[in-house]
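Hydrogens, waters and symmetry mates are skipped; everything else that's a heavy atom, side chains included, is used.
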2 protein chains.
Amino acid sequence: MDTALDRAVRVFRDRGYHATSIGDLTAAMRLATGSVYKAFRDKHAVFLAAFERYTALRQEQTRSAAARGKNGRERLRNVLLSYVAHSRGREGRRGCLVVGSAVELSALDPVVGARVNAQLKTNEAFIAGFIREGQADGSIPGHVAADDTARLMICITQGLRVVGKTRLSLDGDRLVGVAMKLLA
Amino acid sequence: MDTALDRAVRVFRDRGYHATSIGDLTAAMRLATGSVYKAFRDKHAVFLAAFERYTALRQEQTRSAAARGKNGRERLRNVLLSYVAHSRGREGRRGCLVVGSAVELSALDPVVGARVNAQLKTNEAFIAGFIREGQADGSIPGHVAADDTARLMICITQGLRVVGKTRLSLDGDRLVGVAMKLLA
DNA sequence: GATAATAGGGAATGCTTGTTTCCTTATCAA
DNA sequence: TTGATAAGGAAACAAGCATTCCCTATTATC
């Protein structure tokens, strides 16, 4: 079932919510129509489950990228580099389910809207945490406004996923190099 | 006709492409089904026309915001402030047609994909231009990498529109205050 | 080994969609 | 005024959609 859900994640990332038909879903999940509706109440429920699975996976990926840093600044740098890496090429063109949900559904679907909000807040707290860690370990100056900088960095990460959907190239070292000025 | 197109822009911004039915469109444009199809080949053509109209309007708004700055740095600051202002509140929740198109259509619709790409490049060149102006007039240090910084700022602006779709608040002075560090 | 229960599959259903067709009502030329 | 032309509107249409229903294996139970 989890493997089927992973396939659902892929379709939703590729096509978005509304452009994904039950037919697309069953084909990708290799399940018959009836089986999908036996496992989930409706298409919306499949999407919610896929969303949850996607955010769990991404959080895990981001966390492990951060872990490779020796101090707050390096951990944050690794997080940003990881975001750029996931926004590039085919993976980038596949898109982020959080960004997709925010843009396509958030305003009209309160349930999805709430999940998107919660996820963004979690990511923001995650980034703000690294800034504060860096300030404690001396790798980031104390005068940096942790919360404002974290919110702007959320904008950067979400924007990366938008740009990654297009044909514009994204150079991790260069972009993150510039972005790290925000911690000066 | 232009006033009808403005109404189409609004619906597409609110609901996105796929979630907007011809019924939604005719209701908003106050035109009958037949009339829409007499003016446009199909739904896709309506969207393309709306997209063009939206980008023209936004470019004009951004240009006039920039014009109020006395040097390159101030013009760029005004552009960023204008972006935040348009990403806030009801206007922000209405969303940006470029971001929406990038996320929802870009990957699967080559025509829209090309327009999104072109628009992002235009915006990026616009920002890079202000950076170079600032370097010429002395308001921005010469060591700033104009192109890399411009691309990162595009990510910021697109990200602002994503976050603006959610319930997270956006404080223009604070966010732009932090972002201006990129020009240090 | 027979039976109950469950999981999976595919056809059927009703609804919504984008699109077309045709009819009515203005607009304008002669 | 009359005839032709364009514009606008409503109903009709086929296709595609999400969802339901029912049938068929397979598993587990006694």
To the nearest angstrom, how far is [X] atom [atom1] from [N] atom [atom2]?
X        : N       : atom1 : atom2 : answer
Asp42(A) : dT19(D) : CG    : C1'   : 9 Å
Met29(B) : dG8(D)  : CE    : C1'   : 13 Å
Phe40(B) : dA7(D)  : CZ    : P     : 13 Å
Lys43(B) : dT17(C) : NZ    : P     : 9 Å

(message) Does anything in residues 100-111 of chain B come within less than 4.0 Å of DNA chain C? Heavy atoms only, and list the residues if so.
(response)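 Going residue by residue through residues 100-111 of chain B, none turns out to have a heavy atom under 4.0 Å of DNA chain C.
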(message) Let's see if you get this right: which residues in residues 44-54 of chain B place a heavy atom under 4.0 Å from DNA chain C?
(response)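 Going residue by residue through residues 44-54 of chain B, none turns out to have a heavy atom under 4.0 Å of DNA chain C.
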(message) I'd like to know if the side chain of Glu74(B) pairs up with that of Asn78(B) as donor and acceptor (distance under 3.5 Å, no hydrogens or angles considered).
(response)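 Looking only at side-chain atoms, Asn78(B) and Glu74(B) do not form any donor-acceptor pair under 3.5 Å.
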(message) Quick test of your reading: applying ring-ring contact (aromatic ring centres under 6.0 Å, His included), list the pairs with at least one residue in residues 97-149 of chain A, sequence neighbours left out, ordered by first then second residue.
(response)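 Applying ring-ring contact (aromatic ring centres under 6.0 Å, His included) to every pair that reaches into residues 97-149 of chain A, excluding sequence neighbours, yields Phe126(A)-Phe130(A).
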(request) Would you check if the side chain of Gln158(A) reaches a backbone N or O of Val162(B) as a donor-acceptor pair within less than 3.5 Å? (result) no
(request) Would you check if the side chain of Lys181(A) reaches a backbone N or O of Leu182(B) as a donor-acceptor pair within less than 3.5 Å? (result) yes
(request) Tell me, yes or no, whether the heavy-atom count around Arg10(B) atom CZ, taken from other residues, nucleotides or ligands under 6.0 Å, exceeds 12. (result)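 No - once you tally the heavy atoms of other residues, nucleotides and ligands closer than 6.0 Å, there are 12 at most.
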(request) Please list residues of residues 15-25 of chain A whose heavy atoms come under 4.0 Å from any atom in DNA chain D, ordered by number; otherwise none. (result) Thr20(A), Ser21(A), Ile22(A)
Of the non-hydrogen atoms in [X] and [Y], which two are nearest, and what is the gap between them?
X         : Y         : answer
Cys155(A) : Leu170(B) : SG-CD2, 4.4 Å
Arg161(A) : Glu91(A)  : NH2-O, 4.2 Å
Asp148(B) : Leu175(A) : O-CD2, 3.8 Å

Tabulate protein N/O versus nucleotide N/O from nucleotides 20-26 of chain D, keeping only pairs under 3.5 Å, one per line.
none

(request) Kindly state each residue pair satisfying side chain to side chain donor-acceptor pair (under 3.5 Å) with at least one member in residues 99-113 of chain A, sequence neighbours excluded. (result) His44(A)-Asp109(A)
(request) State whether Ser35(A) places a side-chain N or O below 4.0 Å from either non-bridging phosphate oxygen (OP1 or OP2) of dG9(C). (result) yes
(request) State which residue, out of Phe47(B), Phe51(B), Tyr54(B), fulfils the ring pair (Phe, Tyr, Trp, His ring centres under 6.0 Å) condition with Phe12(B). (result) Phe47(B)
(request) Flag the pair Arg7(A) and Asp24(A) as a salt bridge only when some basic side-chain nitrogen lies within less than 4.0 angstrom of an acidic carboxylate oxygen. (result) no
(request) Evaluate side chain to side chain contact (heavy atoms under 4.5 Å, CB included) for Thr55(B) paired with Leu97(B), printing each intermediate quantity in order. (result) CA-CA 8 Å; Thr55(B) 53; Leu97(B) 225 44; over 6 Å; no
(request) Please determine if Lys43(A) forms a cation-pi arrangement with Tyr37(A), meaning its NZ or CZ atom is less than 6.0 Å from the six-membered ring centre and no more than 45° off the ring axis. (result)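 The answer is no; the distance or angle limit is not met.
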